[in-house]
Student: 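Input: one structure, supplied below.
Order of the sequence lines fixes the chain letters, A, B, ..., with proteins taken first and strands second; residue numbering starts at 1 for each chain.
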Protein chains: 2
Amino acid sequence: MVKETQNLIKGLPHKTIERLSQYRRALLICLEKGKEYIFSHEIAEIQHITSVQVRRDLMLIGYSGTLRKGYNIKELINLIGNIIDSPGGINVAIIGMGNLGRAVSKYLTHKRQKLTIVAGFDINSKKIGNEILGIPCYAPDEMKQIVEEKKIGIAIITVPATKIPETTKRLINAGIRGVLNFTPTPVVVPDNIFLEEYDMITSLEKVAFFVKQAMIEEEENRM
Amino acid sequence: MVKETQNLIKGLPHKTIERLSQYRRALLICLEKGKEYIFSHEIAEIQHITSVQVRRDLMLIGYSGTLRKGYNIKELINLIGNIIDSPGGINVAIIGMGNLGRAVSKYLTHKRQKLTIVAGFDINSKKIGNEILGIPCYAPDEMKQIVEEKKIGIAIITVPATKIPETTKRLINAGIRGVLNFTPTPVVVPDNIFLEEYDMITSLEKVAFFVKQAMIEEEENRM
DNA sequence: TACCATCTGTTAAAATATTAACAGGGCAAA
DNA sequence: TTTGCCCTGTTAATATTTTAACAGATGGTA
């Protein structure tokens with residue numbers, strides 16, 4: 001990629017990055033259906049956002065569509081790939097092969113060419129040394145070695161809360177570059193490691209809050 | 001709750017709601033440890049945010065701490081509960097008891113007193129009529145009846161992409177109030193139903209992007 | 001050819017969200 | 001008791017994100 005493009009990408013807002021990932025997801029489905037071009041308002045509708053936002057995001061990454069035809073789906077997929085994906089791909093490990101870990105593994109396996117789950121870690125001795133869902137499973141104290149050997153860049157944490165401090169220490173020590181934490185316990189990493197945290201309880205409680213509010217408003221209107 | 005408080009809550013920013021949920025989560029852990037009071041900077045550190053933001057959020061919900069002692073943990077937990085929780089609780093259904101559905105069920109069961117998973121739905125006849133992880137499982141065409149009977153307010157969607165349109169139609173028909181969609185396929189609901197969508201691929205790709213950027217920057221600095 | 005409808009691309013404005021700055025107050029140590 | 005430190009609460013400033021507004025361009029149509 002030319003340097004100019006790299007400079008564009010550098011300042012991309014976080015929100016735009018997230019949406020680009022979502023656009024690609026939608027575009028891949030469209031491509032499969034045999035669609036060749038797509039309008040900004042079509043993408044917008046799928047994502048529950050406005051077409052202006054779509055056009056603006058695409059402007060930010062320097063992509064131009066064809067007037068009255070829209071955007072070339074294949075081209076756009078490739079461009080988003082150039083932005084998000086690393087050319088050689090990034091290997092991923094799942095830390096904790098419990099229920100959540102396995103669900104995540106199954107969900108993510110073969111979804112993206114440039115992101116490969118290459119290892120799982122667990123303390124359960126029945127799992128260590130075996131494959132789970134096609135993913136070889138290792139003991140926590142092998143982490144540094146395996147991360148280096150398999151060139152693992154990203155770890156997805158799905159262990160119980162009590163194991164978080166130990167797990168984090170091991171990951172930092174192993175030289176991981178990015179962490180996605182699905183645990184309700186916030187993780188502490190040095191700031192050269194990119195950290196993303198997600199807790200489904202927060203999402204659920206957010207829904208609960210707005211459902212409650214809607215009910216209160218209905219109540220008020222009835223009076 | 002007095003009307004004044006309700007007016008405060010009404011205009012609460014989405015982000016504040018999310019953080020309140022996270023504060024409570026952290027506070028519950030502190031309470032368990034026997035801690036009585038907590039400073040804004042302590043909460044901030046746990047959540048990787050600034051203490052100003054914590055104080056600002058608490059200001060927005062009208063809570064005052066004690067100078068030099070901080071916030072009373074028990075009080076704050078109760079207040080956040082008053083805001084987020086519905087007094088009688090809200091019942092939740094999991095739509096799709098596959099891997100992800102079961103992981104979500106296990107993860108959420110007994111986590112919050114006011115959110116109870118009371119039903120699962122699946123097309124698999126082996127699951128229908130049985131309990132999975134203690135959750136009774138029903139056929140999709142029983143949805144309307146069960147939602148009404150069990151007073152289910154929120155549905156968590158974890159079905160395969162192909163089943164999304166049908167599932168959504170059933171949920172709308174059943175009179176659901178809020179939807180949390182863990183599927184990569186965006187769903188369409190009328191806007192009297194609150195919708196929250198989360199796709200872990202987006203999170204993972206976000207991490208991948210920033211890891212890539214960090215590596216490019218290192219490369220540049222080396223030259 | 002002239003007009004109209006409908007796209008894109010971009011700048012400007014508005015709305016949200018975060019951070020800075022600081023006043024006010026209480027406790028502790030000198 | 002006075003000084004200094006370290007809290008909270010709040011307003012003001014900044015940064016980020018979204019939305020509005022509109023210029024420009026293309027193709028269909030009368």
Student: Using a strict heavy-atom distance below 4.0 Å, which residues from residues 62-71 of chain B are in contact with DNA chain C?
Tutor: Leu67(B), Arg68(B)
Student: Rounded to the Å, how far apart are Phe39(A) CZ and dA25(D) P?
Tutor: 19 Å
Student: Output the rounded distance in Å from CG (Asp57(A)) to P (dT10(C)).
Tutor: 14 Å
Student: How about Lys35(A): does its NZ atom have over 12 heavy atoms from other parts shown lying under 6.0 Å from it?
Tutor: yes
Student: Given Tyr37(B) and Tyr71(B), is the ring pair (Phe, Tyr, Trp, His ring centres under 6.0 Å) satisfied, shown in steps?
Tutor: CA-CA 5 Å; Tyr37(B) 285 86; Tyr71(B) 302 94; 9.4 Å; no
Student: Run the salt-bridge test on Arg24(B) and Asp85(B) with the 4.0 Å N-O cut-off and return the result as yes or no.
Tutor: yes
Student: So, Lys114(A) side chain and Pro87(A) main chain: donor-acceptor pair closer than 3.5 Å or not?
Tutor: yes
Student: Nearest of dA17(C), dT18(D), dT19(C) to any side-chain atom of Lys15(B)?
Tutor: dA17(C)
Student: Does a salt bridge link Glu219(A) with Arg222(A), judged by any charged N lying under 4.0 Å from a carboxylate O?
Tutor: yes
Student: Taking atom P of dG9(D) as reference, at what distance in whole Å does atom CD of Gln53(B) sit?
Tutor: 16 Å
Student: Taking the minimum atom-to-atom distance to the side chain of Met59(B), which one of dT11(C), dT11(D), dT19(C) wins?
Tutor: dT11(D)
Student: Over how many whole Å does the gap from Ile38(B) atom CD1 to dC7(D) atom C1' extend?
Tutor: 14 Å
Student: Rounded to the Å, how far apart are Asn72(A) CG and dT8(C) P?
Tutor: 13 Å
Student: Within the structure, does a side-chain N or O atom of Arg55(B) lie under 4.0 Å from either OP1 or OP2 of dA21(C)?
Tutor: no
Student: In whole Å, I'd like the distance from the CD1 atom of Ile43(B) to the P atom of dC7(D).
Tutor: 13 Å
Student: Output yes when Lys15(B) and Glu18(B) qualify as a salt bridge under the 4.0 Å nitrogen-oxygen rule, no when they do not.
Tutor: no
Student: How many whole angstroms separate atom CG of Leu60(B) from atom P of dT10(D)?
Tutor: 10 Å
Student: Any donor-acceptor pair under 3.5 Å between the side chain of Arg56(A) and the base of dT19(D)?
Tutor: yes
Student: Using a strict cut-off of less than 4.0 Å between a Lys/Arg side-chain nitrogen and an Asp/Glu carboxylate oxygen, indicate whether Glu205(A) and Arg25(B) qualify as a salt bridge.
Tutor: no
Student: Starting at the 5' end of DNA chain C, which residue's closest nucleotide do you reach first, Val52(A) or His41(A)?
Tutor: His41(A)
Student: For the pair made of CD in Glu45(A) and P in dC7(C), what is the distance, rounded to whole Å?
Tutor: 12 Å
Student: Indicate, with a heavy-atom threshold strictly under 4.0 Å, whether Ser40(A) touches base, sugar-phosphate, or nothing.
Tutor: sugar-phosphate
